[in-house]
Amino acid sequence: MHMDEYDLLVENATICTLDEQNTVVTNGVMGVKDGAIALLETCRTDARYKAREVIDAHGMVALPGFIDTHTHCFQSLLKGLGADLPLIQWLNSSVQPFGVRVTHRQQELATLVTCLEALKCGCTTLCEFFYTNQDPELADVCIQTMRRTGIRSVLMRTFQDLGQEYDTPECYIEPVETAIAEVERLRASYDDGNMLSVWTGPDVTWATSRHGYEAILEYCLDAGVRYTMHLKETPEDDDMCRRHYGMGIVDLLEEIGFLTDRFLAVHCVNLTEREIATLAERGVSISHNPAANLYLGSGVAPIPACAAAGVNVCLGTDGAASNNATDMLDAMRLAAMVQKGVLRDATAMSARQVVRMATAGGARALGREGALGTLEVGKRADVVLFNPNKLKSMPMHDPLATVVYSSSPESIDTTIVDGKIVYQGGRFACGVVEAELADQVRAVL
Ligand SMILES: [Zn+2]
């Protein structure tokens, strides 16, 4: 009998593949080889599977790992600071004063807190929207620390080339050409096209010049780099844009040619129907960050309308200064609950829709739908094992409903990234111990 040997086998799981047909394999087995899914089928009694490492996932649900498309790692040291203030005041009283002084050690510890919490909540890919560019080495520290935790990551090295009228710290402001040179350096040093990618983009509308948009767009299209930006989180975006350019920000971006399928627009709380149609037509993806939008009183993004128009929507947590966590389980629950309440319609958003946003939607936004976002043979093995036998989750009738509405990190048993077990049963493969990390964090505040 021919026996394939795998690096890792997950046996006896209910596998929610989240493929196009939403196939669920009960009593399934998944074999991993060289970081990819090499086998996925119902356990056969006549087959003997061989592997170096075996996980018996009896009673558990296997899902594709969640993709967090927007966070700011350094903000993990700021939970609760500047609480209950509107966005610009919160930014200028809590986030900016800390951001301009952040040390290498603080960056390292904040990145550890962010990535480890993410892994513990089933996130396998984390997108870091990086903007504390006053010290180029902070980006290196961030990348090296993300790598150390074993999480798949994207460093989005953004830039601000104006913003004095909104009190953007002087030390953040740089010519777009400086930013491009740094992005090139980071790509050459770290981008491996799989575990770590480097993107760029403008930070916010009120800190970007027209030349900034044009130059970064030209660079991204030439070099094949994807880009992101905070867009329409609050009315300031349009106010500033109308004053300077005589039109709203979406119209300005459309005029520049900035709206493409390489663009990930973050927030999009205040979109008109016409703007939604434009984003859909141009293939722009939206990163929906419900926790931050609620915390800062920004509003509720029109996600059901975006999805109905054909916009690809994915989920993000946003920085822990406005979340106040890095918990994708919480992001999924809020994404579903908020729309139901605001629209007074329990069908406005389903558990399946939000899990797809957190998985396949994220993969598509990253241009990696061929490798991530579903559990299928040939894709990278980014897998979460969800254990419903915990008080908050029991009993499980419908796996996706349980994951979205009745979950907590306690139910995340194992997180696998690129075929490696990076988190299991409260332990991180990188060796960091939660209680020790808490002491280290306290020591740098
Ligand atoms: Zn943000």
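Read the numbers this way: they start at 1 and go in the same order the structure lists the ligands and their atoms.
Ionic pairing of K232 and D237 is not present here: no N-O contact between side-chain nitrogen and carboxylate oxygen is shorter than 4.0 angstrom.
Between Y227 and the options Y213, F263, F159, F129, a ring pair (Phe, Tyr, Trp, His ring centres under 6.0 Å) holds for only F263.
Among heteroatoms of the N, O or S kind in H72, NE2 lies nearest the Zn ion (ligand 1). Nearest N/O/S atom of D318 relative to the Zn ion (ligand 1): this is OD1. Taking the Zn ion (ligand 1) as reference, the nearest N/O/S atom within H70 carries the name NE2.
The minimum heavy-atom distance between C268 and L279, with the atom names listed, is SG-CD1, 4.4 Å.
The line from CD of Q144 to CD of Q107 is 11.0 Å long, rounded to the nearest 0.5 Å.
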